[in-house]
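Report on one structure; see the data block that follows.
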Amino acid sequence: MKAPNMTVRAHSSSILKDLSLKTHPLFTAPSHSSLLPSTKLLKQTHAKLLRNGEIHDSLTAGKLIADVATSHYSNLPYAFRLLSHPHFPLNTFAWNSLIRGFADGPIPENSVYVYRRMLAGGFAPNNYTYTFLLKASAFLAEPRLGLSLHANIISRGLDGLDPYIQTSLISFYAALVSVDTAQQLFDESSMRDVTAWNALIKGYLASGQYMKVIRLFQVMQDRCNVCADEVTMLSVASACAHLGTLDVGKWIHTYIGKNKLRMTLNLGTALINMYAKCGDIESAIALFWKMEEKDMRTWSVMISAFSLHGLAKEAFDLFMNMQRVGIDPDSVTITALLSACSHRGLVKEGRIILCRMSTVYNIEPTIEHYGCIVDLLGRAGHLDEALDLIRKMSLKPDVVLWGSLLVACRVHRNIEMGKVVADEILELDPCNAGALVFLSNLHAAYGNWDRVQEVRDKMKEQRINKPPGSSLIELNGVIHEFLSGDKSHSQVDSIYMMLDEIGRLARRKGHKTAMDGFPFDIDDEDKEVCVSQHSEKLAVAFGLINTRPGSVIRVIKNLRICSDCHEIMKHVSEAFERTVVVRDCNRFHQFSKGSCSCVDYW
DNA sequence: TTAGGGTTAG
């Protein structure tokens with residue numbers, strides 16, 4: 001296959017030319033007394049080879065470079081000096097070893113510099129050389145570099161011969177260009193082993209095409225007779241977690257056991273995450289305690305699982321437990337903990353965690369941490385404190401951070417602050433749908449219909465839309481998706497009849513449609529119709545029709561559940577004697593006997 | 001004597 005996008009390739013040559021060896025604080029050669037044991041040994045070997053003259057033997061010298069370059073990245077300048085010595089017997093293996101060392105180190109662009117020196121010295125790169133360089137280009141998030149390397153691979157006739165290069169290219173295209181191009185390369189490749197499949201599947205996972213991940217996993221085994229391995233299962237488990245498909249998730253857990261795949265630390269962690277994200281917290285807990293080995297990620301995943309399910313106390317207990325067994329939290333652990341505070345309104349605890357971050361845990365707060373705190377303070381009604389925190393923090397606030405505060409302003413009906421926040425958002429992102437809708441509703445509330453029209457026109461002109469609400473529900477391993485007001489499902493008539501029935505039962509219990517956040521210039525009746533056909537209601541109606549009485553109905557929603565749907569779900573759980581679990585973009589809501597696990601705080 | 005695919009929060 002030819003490298004796509006020739007225009008990019010034409011000017012990408014500058015990437016290979018305008019480079020020099022970059023330094024890094026970690027590259028500073030350690031003083032003699034602080035030499036790592038292995039470094040000391042390497043220097044002794046070097047000295048010995050110099051003394052006995054074996055350094056002039058190309059194979060021996062190459063081995064020394066390889067050992068030095070792959071020992072620790074602080075030794076990379078040492079390896080580079082060795083290789084630059086005028087009498088050093090250079091060979092491709094030595095060059096590759098140095099490229100490999102730099103590609104895995106803190107400054108991957110140095111590997112490209114070494115590659116350029118290798119070419120200038122008249123050495124021909126081989127198939128090994130490009131696997132290291134393509135990895136470096138992925139680390140550097142530099143598509144032009146990868147495309148340029150692909151061009152070199154083709155011109156040297158190395159494409160299509162080596163499965164390692166093929167997979168490296170698939171992986172590079174999936175990560176930095178497009179998964180479609182990766183798929184094209186994969187289709188044209190004659191060597192589709194499990195690693196190539198894994199690279200492709202990972203590409204679909206990274207691009208958010210989760211159903212495709214599961215489909216590919218099936219095709220790979222059923223039609224192509226390739227056995228999945230632990231790495232495949234990691235991607236499939238992650239796709240299940242995103243989709244919330246518990247049945248498929250359970251099936252892959254069984255598949256791992258049946259096919260005797262190794263339950264690695266990473267795979268166990270991915271499965272815990274899958275169970276938690278699919279709403280089965282009990283299985284997540286059971287697997288967590290069953291795992292003999294747990295690393296910081298395993299603990300963090302479990303803490304965030306508790307957080308997602310509104311179990312803040314359990315999240316804090318586990319956090320303490322984690323430290324007791326000597327595992328330090330990282331930035332993700334703290335995010336999970338702060339998010340647990342947010343879901344339960346634990347303002348005091350959240351403030352303490354923020355204070356301790358840099359002093360006790362040695363973690364500098366990032367914009368995400370501030371996001372959690374702003375969310376926590378905002379939801380709890382401490383709007384002034386949240387705004388003050390944003391103004392005082394050393395980081396530049398982003399749209400997401402302001403967005404959290406805007407949601408809080410809407411919930412607590414602080415119109416004045418909401419206006420200020422919406423302006424801040426539009427300053428950063430003039431097309432931000434959330435801020436524009438807020439302003440439109442604000443003008444409508446004051447009857448400024450001209451201004452409303454102005455905002456609406458702008459949204460129309462720029463084709464700005466809020467993402468449509470979508471809900472997923474799994475039935476017998478098949479995922480059914482519903483959009484708001486969806487009439488495309490084959491069971492449309494019975495779904496809408498069930499929806500009417502739910503509405504009747506709810507009204508009998510005194511339910512009145514809650515239409516918060518809706519444009520004020522739509523007729524009340526229209527608003528009611530819109531709300532009554534929200535995607536999660538359609539999914540639950542479908543679930544009620546198609547599942548046996550008493551079974552749990554699980555729905556995954558892409559947006560935050562609205563107040564009306566939240567109330568309706570409570571009625572459904574009571575009237576139909578069903579547990580309804582809804583995962584919205586923030587957390588889980590478990591409705592049972594007329595109430596929700598979030599105790600109406602979300 | 002070197003190589004490809006890896007889960008987590010927001």
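What you are looking at is a predicted structure, and each value in this text was computed from that prediction instead of being measured. The sequence lines fix the lettering, A, B, ..., with proteins before strands; numbering per chain opens at 1.
When all heavy atoms of A:His369 and A:Glu364 are compared, the closest pair comes out as ND1-O, 4.2 Å. Nearest heavy atoms, A:Gly469 versus A:Leu559: CA-CD1, 3.7 Å.
Regarding A:Met322, its CE atom lies at a distance of 14 Å from the P atom of B:dA9, rounded to whole Å. Atom CD1 in A:Ile303 sits roughly 13 Å away from atom P in B:dG10 (whole-Å rounding). When rounded to the nearest whole Å, the span between CG of A:Leu337 and P of B:dT8 equals 20 Å. Look at CD1 on A:Ile353: it is 15 Å from C1' on B:dA9, rounded to the nearest Å. Between the CE atom of A:Met291 and the C1' atom of B:dT8 there is a distance of 12 Å, given to the nearest Å. Here the C1' atom of nucleotide B:dG10 and the NE2 atom of A:His242 are 12 Å apart, to the nearest Å. Protein atom CG of A:Asp162 is 8 Å distant from nucleotide atom C1' of B:dA3, rounded to whole Å. Atom C1' of nucleotide B:dT2 and atom CG of A:Leu98 are separated by 13 Å, given to the nearest angstrom.
Side-chain N/O atoms of A:Arg156 and A:Tyr130 include a donor and acceptor closer than 3.5 Å. When only modelled atom types and interatomic distance are considered, A:Thr232 and A:Asp229 share a side-chain donor-acceptor pair under 3.5 Å. Neither side chain, A:Asp180 nor A:Gln184, offers a donor N or O lying under 3.5 Å from an acceptor on the other.
For the pair A:Tyr164 and B:dA3, the ring geometry qualifies as stacking, because the centroid separation is below 5.5 Å while the planes lie within an angle under 30°.
The side chain of A:Asn96 lies closest to B:dT2, out of B:dT2, B:dG10, B:dG5. Closest contact between the side chain of A:Asn127 and the listed nucleotides B:dA9, B:dA3, B:dG5 involves B:dA3. For A:Val301, the listed nucleotide lying nearest its side chain is B:dT8; candidates were B:dG10, B:dT8, B:dG4. Of the candidates B:dT8, B:dA3, B:dG5, the closest approach to any side-chain atom of A:Phe132 belongs to B:dA3. Set against B:dG4, B:dG6, B:dA9, the side chain of A:Asn266 has B:dG6 as its closest nucleotide.
Looking at heavy-atom distances under 4.0 Å, A:Ser304 makes contact with sugar-phosphate atoms alone, never a base.
Applying the 6.0 Å contact sphere to CG of A:Asp57 captures more than 12 heavy atoms from other residues, nucleotides or ligands.
Taking 4.5 Å as the limit, every side-chain heavy atom of A:Arg192 sits out of range of all side-chain heavy atoms of A:Val226.
Regarding contacts with the backbone of B:dG4, a side-chain N or O of A:Lys135 is found under 4.0 angstrom from either OP1 or OP2. OP1 or OP2 of B:dA9 has at least one side-chain nitrogen or oxygen of A:Asn273 nearer than 4.0 Å.
One N or O donor and one acceptor, one from the side chain of A:Asp193 and one from the base of B:dG4, sit under 3.5 Å apart.
Listed by residue number, the members of residues 200-220 of chain A with any heavy atom below 4.0 angstrom from DNA chain B are A:Lys202. The stretch residues 224-240 of chain A touches DNA chain B through A:Asp229, A:Val231, A:Leu234, A:Ser238, each having a heavy atom under 4.0 angstrom from the strand.
In summary, the aromatic rings of A:Phe288 and A:Phe306 are positioned with their centroids too far apart to meet the 6.0 Å limit.
In this pair, A:Tyr78 and A:His46 present their aromatic rings tilted. The plane angle is within the 30 to 60° band.
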Q) Going through the distances and angles, do A:Thr39 and A:Asn75 end up as a side chain to side chain donor-acceptor pair (under 3.5 Å)? A) CA-CA 8 Å; A:Thr39 311; A:Asn75 286 331; 3.3 Å; yes
